[in-house]
Amino acid sequence: MTTNRFIIREAMREDMQAVLELYLHLHEDTIPEDSEHLRSTWERIMCDDDHHLIVCELDGVIVSSCVCVIIPNLSRGVRPYAFIENVVTHADYRGCGYAHACLDHAHKIALGNACYKMMLLTGSKDPNIHRFYEKAGYNSSDKTAYIKWL
């Protein structure tokens with residue numbers, strides 16, 4: 001891990017553009033057009049106590065992020081579960097532990113909300129990405145995921 005100081009925190013309203021730019025290193029080709037829909041979606045995320053957009057800030061620059069959504073649940077003793085999405089690190093900062101630190105923060109949020117599990121999906125076929133998630137404590141053997149694209 002680098003010796004640079006970094007901060008793990010939840011995104012703030014003023015972070016929208018930086019997060020959108022970071023998503024260019026995820027799977028986006030362009031930044032969405034500034035619109036009422038974009039701004040209202042961002043505001044919904046910012047106001048949702050169960051939606052945690054976690055960022056890693058290094059020297060004032062957001063270099064990594066993940067989303068942790070706490071989902072209420074009626075099974076498992078009425079305990080919620082956490083869903084992790086949009087795990088990304090800027091290409092220039094990969095391999096330094098920033099995404100792992102974001103996932104660790106998500107883990108703390110899940111524990112603090114008495115979640116009985118955390119889960120994530122990846123579309124990547126890259127074995128390095130799979131090893132990254134395994135090192136972070138996730139496994140691909142307990143569940144089978146199916147996706148229906150809309």
Side-chain angles (χ1 to χ4, degrees), residues 1-34 38 41-42 44-46 48-73 75-76 79-150:
M1 186 174 293
T2 181
T3 58
N4 294 334
R5 293 182 48 105
F6 63 90
I7 298 167
I8 302 297
R9 61 174 176 81
E10 293 208 33
M12 299 178 287
R13 282 178 171 75
E14 59 268 20
D15 292 328
M16 183 178 78
Q17 188 64 31
V19 170
L20 293 173
E21 289 173 9
L22 180 62
Y23 282 179
L24 293 173
H25 296 269
L26 181 61
H27 49 64
E28 298 299 316
D29 296 328
T30 61
I31 294 174
E33 181 180 328
D34 189 4
L38 173 65
T41 300
W42 180 259
R44 282 181 59 201
I45 291 168
M46 292 292 102
D48 185 345
D49 290 338
D50 288 329
H51 196 131
H52 304 270
L53 202 164
I54 300 160
V55 298
C56 176
E57 182 182 311
L58 174 67
D59 299 328
V61 177
I62 293 175
V63 299
S64 189
S65 180
C66 75
V67 171
C68 175
V69 179
I70 306 300
I71 301 171
N73 182 40
S75 69
R76 304 286 181 158
R79 291 176 62 201
Y81 58 93
F83 188 78
I84 306 300
E85 184 66 35
N86 295 338
V87 180
V88 60
T89 300
H90 188 291
D92 294 343
Y93 298 92
R94 291 183 181 153
C96 298
Y98 302 131
H100 194 95
C102 288
L103 289 174
D104 283 347
H105 190 79
H107 183 254
K108 291 174 187 165
I109 290 170
L111 288 174
N113 281 274
C115 291
Y116 79 94
K117 72 176 177 182
M118 294 177 72
M119 61 183 180
L120 62 79
L121 302 172
T122 182
S124 176
K125 305 297 183 211
D126 183 345
N128 292 321
I129 299 294
H130 293 229
R131 278 192 293 277
F132 165 76
Y133 288 127
E134 289 166 0
K135 284 175 64 177
Y138 296 84
N139 74 70
S140 61
S141 60
D142 288 347
K143 298 268 186 175
T144 301
Y146 292 91
I147 297 175
K148 183 174 186 176
W149 295 103
L150 305 176

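These numbers come from a predicted model, not from an experiment.
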Return the set of residues passing side chain to side chain contact (heavy atoms under 4.5 Å, CB included) with [X] (not counting sequence neighbours), or none when no residue passes.
X    : answer
H90  : L22, H25, D92, Y93
R131 : P127, N128, E134
I45  : T41, H51, L53

For residues I8 and A101, report the shortest heavy-atom separation together with the two atoms involved.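 The answer is CD1-CB, 3.6 Å.
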Heavy-atom pair of closest approach, residues P80 and P72: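 Looking at all heavy atoms of both residues, the closest pair is CB-CA, 4.2 Å.
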Partner set under salt bridge (charged side-chain N to carboxylate O under 4.0 Å, His left out) for D50, not counting sequence neighbours: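 By the salt bridge (charged side-chain N to carboxylate O under 4.0 Å, His left out) rule, D50 matches no residue at all.
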Any chance CZ of R76 has more than 12 other-residue heavy atoms, nucleotides or ligands included, within less than 6.0 Å?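 No, because the 6.0 Å sphere around CZ of R76 holds 12 heavy atoms or fewer from other groups.
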Could you measure the distance from the [atom1] atom of [X] to the [atom2] atom of [Y]? Nearest 0.5 Å is fine.
X   : Y   : atom1 : atom2 : value
I70 : F83 : CD1   : CZ    : 12.0 Å
S64 : Y98 : OG    : OH    : 9.5 Å
L20 : Q17 : CG    : CD    : 5.5 Å
N86 : E28 : CG    : CD    : 8.0 Å

Check side chain to side chain donor-acceptor pair (under 3.5 Å) between [X] and all other residues, then give those that pass, not counting sequence neighbours.
X    : result
D48  : none
T144 : none
H52  : E10
D142 : N139

Going by the salt bridge (charged side-chain N to carboxylate O under 4.0 Å, His left out) test, which pairs reach into residues 11-27, not counting sequence neighbours?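 For residues 11-27: R9-D15, R13-E43.
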Return a table of donor-acceptor pairs under 3.5 angstrom between the side chains of residues 114-124 and protein atoms on other chains or two or more places apart.
from : atom 1 : to   : atom 2 : distance (Å)
T122 : OG1    : S124 : N      : 3.1
S124 : OG     : D126 : N      : 3.0

Write out all pairs satisfying ring pair (Phe, Tyr, Trp, His ring centres under 6.0 Å) with one or both partners inside residues 128-148, taking only residues at least two apart or from two chains.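 Output for this query is empty, none listed.
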